[in-house]
Amino acid sequence: MTASRERLVVIGNGMAGCRAVEDILKRSPDRYEITIFGAEPRVNYNRIMLSPVLAGEKSFDDIVINDAAWYADNAITLHAGRAVTAIDRARKVVEAEGDLTVAYDKLILATGSDPVRLPLPGADLKGVVTFRDLDDVDQMVAAADAGGAAVVIGGGLLGLEAAYGLARRGMKATVVHLMDVLMERQLDSAAGFLLTEALAERGVETVLSAQSEAILGEDGKVTGLKLQDGRVLPCSILVMAVGIRPSTALARACNLPVGRGVMVDDQMRTGDADIYAVGECAEHRGIAYGLVAPIWDMCKTLAASLTGDEAATYEGSLLSTRLKVSGVDVFSAGAFAGGEGCEDIVFRDAGRGVYKRVVLQDGKVAGAVLFGDAADGGWYFDLMRQGADVRGIRETLIFGQAITEGLSGLDPSAAVAAMSDDQEVCGCNGVCKGQITGAIAAQGLTTLDAVRGVTKASASCGSCTPLVEKLLKLTLGDGFQAQTGPAPMCKCTHHTHDLVRQAILAQDLKSIPAVMQAMEWTTPEGCASCRPALNYYLVCAWPGEYQDDKQSRFINERVHANIQKDGTYSVVPRMWGGMTTPDELRAIADVADKFSIPAVKVTGGQRIDLLGVKKDDLPAVWADLNAAGMVSGHAYAKGLRTVKTCVGSDWCRFGTQDSTGLGMRLEKFMWGSWTPAKVKLGVSGCPRNCAEATCKDVGVICVDSGFEIHIGGAAGLHIRGTEVLTRVASEDEAVWTICALVQLYREQGWYLERIYKWMDRVGLDAIKAVMADETERRALYDRFSYSQRFARIDPWAERVAGRHAEEFNPLSRRLEFAPA
Amino acid sequence: MNALVKEPTVTWTDVGAVTDVPRRGARRVPSPRGDIAVFRTGDGQVFALIDACPHKGGPLSQGIVHGSTVTCPLHGRVIDLATGEATGVDRGTGCAPVVPLEVRDGRLFLGLVGG
Ligand code: SRM
Ligand SMILES: Cc1cc2nc3c(=O)[nH]c(=O)nc-3n(C[C@H](O)[C@H](O)[C@H](O)COP(=O)(O)OP(=O)(O)OC[C@H]3O[C@@H](n4cnc5c(N)ncnc54)[C@H](O)[C@@H]3O)c2cc1C
Ligand code: SF4
Ligand code: FES
């Protein structure tokens with residue numbers, strides 16, 4: 001220790017502080033006389049490994065980075081358990097707890113971050129902890145030893161690792177997350193969904209979209225968390241893992257420039273030429289990092305600067321994240337920002353629970369999310385950091401490094417030719433190249449379907465379809481015919497509507513993400529065509545149970561009114577069977593006056609349309625209509641629309657039955673039902689057919705002996721007369737038959753396929769056969785009535801009561817300026 | 001954000017929290033130049049466009065959001081949220097102007113010019 005050495009003081013004995021010192025010692029072992037202050041009473045350890053320590057998978061000794069001997073060997077003075085309390089820049093000294101003052105020539109701030117504590121009532125109760133250092137882990141372990149339940153607020157990396165650790169130690173752990181996707185900064189909703197399921201298997205429950213209201217306690221100890229919706233989650237320990245804030249108090253107090261963190265330049269220097277900052281406490285080019293990888297880069301530059309190499313610069317870091325929960329492989333890197341030139345490549349393997357998504361932008365990897373198999377995370381991250389042009393390997397990129405690099409050369413067909421015979425092509429079914437080309441040659445296969453049938457290659461998730469097609473082309477040359485066959489639902493999947501519907505029932509799939517994973521969707525979240533279809537299939541399959549996904553509905557069904565060309569809406573209340581009353585008409589007239597509704601029109605469906613209603617007025621308009629006893633006419637719905645009737649035996653001299661009454665009865669029983677496409681009914685009192693029943697989806701022609709039931713009419717784009725399904729004697733039978741028929745259509749029809757198209761596809765005879773079977777018909781009717789228990793709810797009344805209020809209010813009314 | 005460079009008098013106006021906009025959805029903000037649509041994608045990205053489809057002015061805020069695009073509710077043009085441009089076969093047929101948008105501490109700020 002010669003007096004000539006410069007004095008280097010480091011504040012913070014954590015990951016950045018010690019790594020900086022290691023890097024400096026590597027470059028210039030004798031340059032500085034080094035003093036490190038650490039607020040924690042222990043040597044330097046690997047903070048990220050606190051998670052495995054909490055989970056009981058590692059001990060503290062396992063995670064120490066530098067033991068006492070390292071400090072001694074390198075002549076470093078460590079003041080552990082002594083926080084620095086002030087920096088005096090004028091005198092160039094730091095002051096620490098216990099009246100200690102140490103002078104510096106150079107100073108490094110490496111104070112890390114402080115965990116954010118939500119200012120909830122009860123936040124100061126005993127048992128409310130954060131997750132940052134070993135003391136926190138000790139508290140959690142002690143709580144776990146006593147058993148009971150734990151609640152973690154925050155579904156980010158830290159919160160999930162805390163919950164997993166506590167569950168591993170036998171607690172009932174629940175994560176409460178404000179957002180609707182776990183780790184939403186790193187994961188897309190598909191991966192977030194899988195993560196939720198994987199954690200549930202490991203004993204960690206998740207409550208999403210949950211706002212915490214208060215922490216409850218007794219005798220000064222936490223007993224539970226109360227959510228804003230009134231739910232109470234009991235717990236004996238509550239972990240707040242809601243984020244971190246760079247620890248900048250010291251820097252602020254000595255007037256160094258501070259933004260979110262202590263601001264540093266590309267040499268890691270703060271506003272004072274002799275003071276540097278590194279790690280989570282630093283802010284570089286506007287970013288304060290919260291992971292270790294950037295810290296290693298910063299430390300390298302810092303060490304260079306402090307040992308006289310002024311050329312070294314830190315330019316910022318790209319980030320990748322891996323979750324440390326045993327058996328749950330999660331990797332995420334980069335951004336999923338959409339935009340010009342952005343493209344997703346998605347691979348799902350339902351059998352193995354794998355989801356991979358690579359985002360390309362301008363031919364380069366811009367981001368990746370891997371779930372269930374993250375082995376290639378590092379490779380994608382490297383490609384991303386290098387900014388490598390991946391257009392040449394696009395075809396195989398998603399299969400990972402091994403396959404891609406196995407296929408040399410940039411010409412895809414050359415690459416396929418170069419594959420060895422035992423190289424796997426179809427991961428789902430374990431089919432190798434040789435088996436495919438062998439089968440093509442031996443059995444004279446010429447189509448993709450034939451190859452699928454014989455070898456099962458590309459028969460599951462279909463992601464290898466392009467490869468199999470190339471093999472066909474390669475083997476057959478010009479003899480290859482491109483695929484025709486039953487069309488897939490949309491470009492997001494290789495499966496047909498029927499297959500998807502079967503899977504929903506057979507595999508108990510109860511949400512859109514669950515269907516997408518099980519059926520190996522090739523896009524992260526579907527499109528405007530498959531999402532509404534899946535939403536309908538789930539509504540139909542799981543009445544009363546499925547949670548409708550509003551964002552997957554077309555605007556009309558989302559806001560329960562029809563959008564017009566100028567962005568206003570039309571409102572059509574039900575008039576059961578076309579009957580109305582003076583009171584209803586008065587109410588409609590009053591509403592039209594009160595809200596200055598520009599047009600009132602009698603529709604082609606025997607009711608009244610209020611046109612030109614402003615979106616913000618909708619709930620108030622509905623409230624007035626509700627007050628007069630009227631409900632939504634679903635003029636917007638893929639569901640039951642109108643039931644047109646004629647006056648029938650009540651008034652008409654030719655009427656054979658009470659067609660108005662039957663129409664009203666049908667409408668009152670069937671309203672609110674969702675169907676693949678719109679369903680319109682008509683009931684005419686005699687074959688003169690004044691209600692135009694023979695051009696409706698389902699029509700009834702009353703005759704002396706009973707009721708003739710017709711199906712498959714339409715008078716829109718195609719004019720179609722109905723076909724007769726059956727004749728029944730009583731009104732009851734007519735109602736049963738029609739409901740059973742519509743249920744059959746609900747269960748078999750493809751989304752947007754109207755009854756006549758469904759009938760053309762499956763055949764009238766097939767429909768007749770089902771309807772003739774008394775038990776089948778009865779079962780269909782029962783399923784329809786069961787589902788109607790949850791459907792006959794007026795959506796307008798729900799909105800009037802405040803449901804989805806955000807839909808009808810602008811985000812902000814405060815703008816006075818125009819967009820720049 | 002080019003507009004920021006060209007137009008020095010931009011005021012950043014807080015219009016609400018990111019979480020006020022539903023995922024895979026949008027909210028409207030009325031302005032003297034017509035409604036502004038603020039979108040949030042499934043991945044949590046936010047974008048702002050003038051709420052008028054390049055085709056016939058359909059309110060894009062009312063469309064279905066998928067990936068980083070929105071399908072116009074009127075005639076189904078698919079609009080790229082980042083650029084406001086029609087995509088696919090409609091590429092090059094026009095664009096809904098992008099409104100400068102920044103997120104600060106979970107709040108949405110629109111870039112507006114003085115009035
Ligand atoms: C209002 C109304 C016209 C009128 O002023 O009378 C009307 C208006 C619309 N019809 Fe219609 N149709 C109306 C009766 C009809 C009828 C007559 C009937 O129901 O007896 C038909 C022929 C019968 C039929 O459906 O086959 C009819 C065949 C269509 C079609 C063609 C359907 C087809 O499969 O070919 C469409 C397009 C579609 O649904 O995709 C359509 C679509 C529309 C839409 C919803 C267009 C749209 O998507 O925005 C119009 C919006 C109305 C609104 O904002 O309220 N409308 N439309 C009628 C409302 C009936 C009601 O009270 O609910
Ligand atoms: C449980 C857990 C799991 C994590 N997992 C990962 C992961 O998987 N991957 C990843 O990249 N990152 C992970 N991180 C984040 C990573 O640990 C941090 O990014 C890293 O530790 C930051 O290093 P640092 O030196 O800036 O801060 P720290 O490591 O926190 O070190 C700062 C030190 O400074 C001390 N200090 C503060 N103020 C004073 C003062 N006034 N006087 C003296 N000493 C002071 C503190 O006590 C602390 O010891 C995890 C973090 C935690 C808590
Ligand atoms: S006929 Fe055409 S224009 Fe008239 S209401 Fe029906 S869809 Fe609109
Ligand atoms: S107005 Fe948007 S597609 Fe026509």
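Chain identifiers are assigned alphabetically (A, B, ...) following the order of the sequence lines, protein sequences preceding nucleic acid strands; residue numbering begins at 1 within each chain.
With a 4.5 angstrom heavy-atom cutoff, A:R558 touches chain B only via side-chain atoms. Neither the backbone nor the side chain of A:T523 has a heavy atom closer than 4.5 Å to any heavy atom of chain B. With a 4.5 Å cut-off on non-hydrogen atoms, A:E525 touches chain B through its side chain but not through its backbone. In this structure, chain A has a heavy atom under 4.5 Å from the side chain of B:L74, while its backbone stays farther away. For chain B, the nearby parts of A:N809 are the backbone and the side chain; heavy atoms of each come within less than 4.5 Å. In this structure, chain B has a heavy atom under 4.5 Å from the side chain of A:Y569, while its backbone stays farther away.
Most heavy-atom pairs under 4.5 Å with chain B, from the set A:M179, A:R553, A:K615: that is A:K615. Taking A:E184, A:K550, A:Q551 one by one and counting their heavy-atom pairs under 4.5 Å with chain B, the maximum is reached by A:Q551. Most heavy-atom pairs under 4.5 Å with chain B, from the set A:S552, A:P532, A:A528: that is A:A528.
In this structure, B:R104 does not pair ionically with B:D14, as no charged nitrogen and carboxylate oxygen lie closer than 4.0 Å. Under the 4.0 Å criterion applied to side-chain N and carboxylate O atoms, A:E807 and A:R799 are not assigned as salt-bridge partners.
The shortest non-hydrogen separation linking B:T41 to B:V65 is CA-CG1, 4.3 Å. Scanning all heavy atoms of the two residues, the minimum distance from B:G111 to B:V10 falls at CA-CG1, 3.7 Å. Of all the heavy atoms in A:S212 and A:L227, the pair that sits closest is CA-CD2, 4.1 Å. Here the closest heavy-atom approach between residue A:G334 and residue A:M384 is recorded as CA-CE, 3.4 Å.
Among the residues in residues 53-63 of chain B, those with a non-hydrogen atom closer than 4.5 angstrom to a non-hydrogen atom of chain A are B:P59, B:S61, B:Q62, B:G63. Inspection of non-hydrogen atoms places B:T19, B:D20, B:V21, B:P22, B:R23, B:R24, B:G25, B:R27, B:R28 of residues 17-28 of chain B under 4.5 Å from chain A.
Annotation: cation-pi geometry not satisfied between B:R107 and B:W12 (NZ/CZ under 6.0 angstrom from ring centroid, within 45° of ring axis). In this structure, A:R348 is not positioned above the aromatic face of A:Y355 in the sense of NZ or CZ being under 6.0 Å from the six-membered ring centre and within 45° of the axis.
Within 6.0 Å of atom CD in A:E806, more than 12 heavy atoms from other residues, nucleotides or ligands are found, so the atom counts as buried in its surroundings. Annotation: A:R245, atom CZ; neighbour count of heavy atoms from other residues, nucleotides and ligands within 6.0 Å does not exceed 12. Enclosure of atom CG in B:D105 is not indicated, since only 12 or fewer non-hydrogen atoms of other residues, nucleotides or ligands lie within 6.0 angstrom. Around atom NZ of A:K614, no more than 12 heavy atoms belonging to other residues, nucleotides or ligands sit under 6.0 Å away.
Panel note: side chain A:H177, backbone A:G155; a donor-acceptor pair is recorded below 3.5 Å.
In this structure, CZ in B:R77 is found 13.5 Å from CD in B:E85, a value given to the nearest 0.5 Å.
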